[in-house]
Amino acid sequence: RRVREAVVSTQSTGMNFMSLLVWKNEEDEDPGFTEQKKLSGGSLSKEEIYRLRKKHVANACILFYDPNPLQIVRARGQYMYDEDDNEYLDCINNVCHVGHCHPDVVAAACRQMGILNTNSRYLSHLNSLYSEKLTSLFPQPLDTVFFVNSGSEATELALELCRVWNEATDFICVDSGYHGHTRSAITVSNYKFGHPRGIGQPDFIQMMDLPDTYRGAYRDEETAGEKYGAQAETLVQNIQNRGAKVAGFIGESALSCGGQIILPPNYLKTVYRAVREAGGLCIADEVQVGFGRCGTGMWVYETQGVVPDIVTIGKPMGNGHPIAGVVTTRDIAEKYRLNRPEYFNTYGGNPVSMAVGLAVLDVIEREGLVRHAHRTGELFLQELRLLKERHSCIGDVRGFGLFLGIEFVKCRDTREPDEHTAVAVKKEMYRNRIIVSTEGRYNNIVKIKPPMSFDQDNVTHFIKHFDRAIYQVRGQ
């Protein structure tokens, strides 16, 4: 069975730091499990931990599988483990990009934590080296980076860069898009402002229709992109008619919360052209999908044949460590410098974060994770399409690399969404210790975006249990 070996420590400035967990296949007793149990709650029962959370943590902060939530105490690769050491296959964690607790990333963080961690106003070789390596992954003229701590912060700064550039306030966003939970991020996130308890669509926001080629108005893959994208011209005119100027367009390069939506060809080309002609800037949100998940390159916007003016990045950037960034051009960054106070972020770009970021990029390159995502994703799509042939409740299977969606319908002809089956299948998968989630406007889409270490054996395991789950739910 999979057990943990002892944990080593590194010597840094005379102090000992737990650096990493290594695994081996043995039948021996796991010496670290008892210690890990202490770290995960000690003598507290799961019920007591749950009670304390409900008492002290805001109820707006949700738990998976509430009221019987999953308590995770450790993780490795694409696997997570509960308080009883049961193993779960993680199919949704796009944050721990190169795998939970990757030894190289953990070691880099612990090593640097024992040497120095301070703000970015001091010169640091790590900040300079990571900036150089990160920006080398982008085409010209995207050669300048601001470091922040979260995707929401990245969105805030990206929007401000647009406002400063064109001295404008109005933005164009996409239906069902999500860009963060801060006030400005919410104003461009229909996933949030369109919620029944949301703030509603602000008057300075114009919204594009969701470019969904399965359920939307345009379904021909060859022409849908230009037809959906052409709406940008109308929205630009709406902004100008109200006496305002276009600050910019923000859109995810593939929509996750919107239901694993893959943009049709020429969509961004059409939108970007209209926005730029009006003087606005174009933001590509790669926070959820960047760093090679699509399997064809590091960034999903590349599949559209465009170069954005600004790119926001986050989640996978630190493999669970809070790092995010805004990559843009030197001209845009300089316009901001000349028209706003100095930009300072206490934690953005700190040495520990930079060490982690470098380690993540090294792992992606050394382990060939982009190619791996392509190969694994091709197999996954092939197997899911075979499942679709067997189960009429599956209306659509879509995606690329390790970013996939399975849409459940009551009837393929009418495409009526089937939230009940999607949620029931999700719960059945949980009972078999496979973690998936549901998303989309109708909550009828099972989304898959696992750590990039997810392999072909995991695909086989997933397909077997997903097939059984559908039969179980539908009583067949």
Side-chain angles (χ1 to χ4, degrees), residues 62 64-65 70 78 80 88-97 151 174-179 189-192 210-216 251-263 285-295 300 314-316 373 376-381 383-385 387-388 391 393-409 415 417-430 432-452 454 458-459 461-463 465-467 469-470 473:
I62 65 168
F64 284 147
Y65 310 111
L70 179 59
Q78 58 271 45
M80 300 197 297
Y88 292 79
L89 179 61
D90 182 2
C91 300
I92 62 172
N93 203 316
N94 62 331
V95 177
C96 292
H97 190 63
V174 181
D175 184 7
S176 300
Y178 174 64
H179 305 284
S189 300
N190 171 251
Y191 181 77
K192 287 289 187 179
L210 181 66
D212 183 352
T213 57
Y214 175 71
R215 185 174 295 284
E252 296 164 88
S253 301
L255 287 90
S256 182
C257 293
Q260 305 297 86
I261 302 297
I262 307 302
L263 302 180
D285 184 335
E286 294 268 343
V287 171
Q288 298 212 57
V289 297
F291 291 90
R293 179 163 294 279
C294 64
V300 178
K315 296 182 187 295
T376 307
E378 286 291 300
L379 174 65
F380 217 155
L381 272 174
E383 293 296 324
L384 287 172
R385 285 165 180 156
L387 278 188
K388 179 184 173 184
H391 298 286
C393 59
I394 297 178
D396 190 36
V397 170
R398 54 181 175 262
F400 41 38
L402 289 174
F403 182 85
L404 307 169
I406 307 152
E407 181 152 0
F408 283 88
V409 295
R415 306 191 182 193
D418 190 352
E419 177 185 8
H420 171 78
T421 297
V423 172
V425 167
K426 174 180 70 174
K427 292 178 179 178
E428 189 64 26
M429 293 293 278
Y430 173 52
N432 286 286
R433 296 176 186 158
I434 299 174
I435 300 174
V436 299
S437 62
T438 51
E439 200 56 91
R441 175 178 294 151
Y442 306 104
N443 198 37
N444 67 316
I445 298 156
V446 170
K447 65 178 180 179
I448 302 167
K449 46 186 183 65
M452 297 273 277
F454 197 92
N458 298 140
V459 172
H461 181 71
F462 179 98
I463 292 296
H465 285 284
F466 201 71
D467 190 25
I470 295 173
V473 167

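Residue numbers start at 1 and run along the sequence shown.
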Over all heavy atoms of both residues, which pair between Asn190 and Ser176 is shortest? Give the atoms and the distance, please. OD1-N, 2.9 Å
Looking at residues at least two apart in the chain, or sitting in another chain, which of them share a salt bridge (Lys or Arg N to Asp or Glu O under 4.0 Å) with Glu428? Arg431
Indicate the atoms forming the closest heavy-atom contact of Val459 with Glu383, along with that distance. CG1-CG, 4.4 Å
What's the verdict on side chain to side chain donor-acceptor pair (under 3.5 Å) for Asn444 and Glu419, showing C-alpha distance, side-chain angles and the deciding distance? CA-CA 4 Å; Asn444 67 316; Glu419 177 185 8; over 6 Å; no
Considering the options Val423, Val425, Asn443, which one meets the side chain to side chain contact (heavy atoms under 4.5 Å, CB included) requirement together with Phe408? Val425
Sequence neighbours excluded, which residues qualify as side chain to side chain donor-acceptor pair (under 3.5 Å) partners of Tyr88? Asp82
Quick one: does Glu378's side chain have a donor or acceptor within less than 3.5 Å of a partner on Gly401's backbone? no
Using salt bridge (Lys or Arg N to Asp or Glu O under 4.0 Å) as the criterion, list what pairs up with Arg398, not counting sequence neighbours. Asp396, Glu407
Which pair of heavy atoms, one from Ala373 and one from Gly292, lies closest together, and at what distance? CB-O, 3.9 Å
side-chain contact (heavy atoms from CB on, under 4.5 Å) partners of Tyr65, counting only residues at least two apart: Leu70, Tyr430, Ile435
What are the two closest non-hydrogen atoms of Ala254 and Ile262, and how far apart are they? CB-CD1, 4.4 Å
State, yes or no, whether a side-chain contact exists between Met429 and Asn432 at a heavy-atom distance under 4.5 Å. no
Just verifying a value: how many Å separate Lys447 NZ and Leu404 CG, rounded to the nearest 0.5 Å? 12.5 Å
Val300 and Cys294: which non-hydrogen atoms are nearest, and at how many Å? CG2-CB, 3.8 Å
Does the side chain of Thr438 pick up a donor-acceptor pair with the side chain of Lys426 at under 3.5 Å? yes
Using 0.5 Å steps for rounding, measure from the CG atom of Leu263 to the OG1 atom of Thr213. 10.0 Å
Could you check if a side-chain atom of Leu89 sits within less than 4.5 angstrom of a side-chain atom of Gln78, using non-hydrogen atoms only? yes
Measuring from Asn458:CG to Ile434:CD1, what's the distance to the nearest 0.5 Å? 9.0 Å
Under 3.5 Å, is there a donor on one side chain and an acceptor on the other for Ser256 and Glu252? no
Is the backbone N or O of His179 less than 3.5 Å from a side-chain atom of Ser189, with the two atoms forming a donor-acceptor pair by type? yes
Is the backbone N or O of Pro450 less than 3.5 Å from a side-chain atom of Arg293, with the two atoms forming a donor-acceptor pair by type? yes
Got a second to check how far Lys449's NZ is from Leu402's CG, nearest 0.5 Å? 12.0 Å
With Ile448 as reference, evaluate Phe462, Phe454, Phe466, Phe403 under the side chain to side chain contact (heavy atoms under 4.5 Å, CB included) test and give the passing residue. Phe462
Can you give me the closest heavy-atom contact between Cys257 and Glu439, atom names plus distance? O-CG, 3.0 Å
Set of residues satisfying side-chain contact (heavy atoms from CB on, under 4.5 Å) with respect to Pro316, sequence neighbours excluded: His97, Phe291
Could you tell me whether the side chain of Arg215 and the main chain of Arg415 form a donor-acceptor pair under 3.5 Å? yes
Salt bridge (Lys or Arg N to Asp or Glu O under 4.0 Å) against Lys315, all qualifying residues, sequence neighbours excluded: none
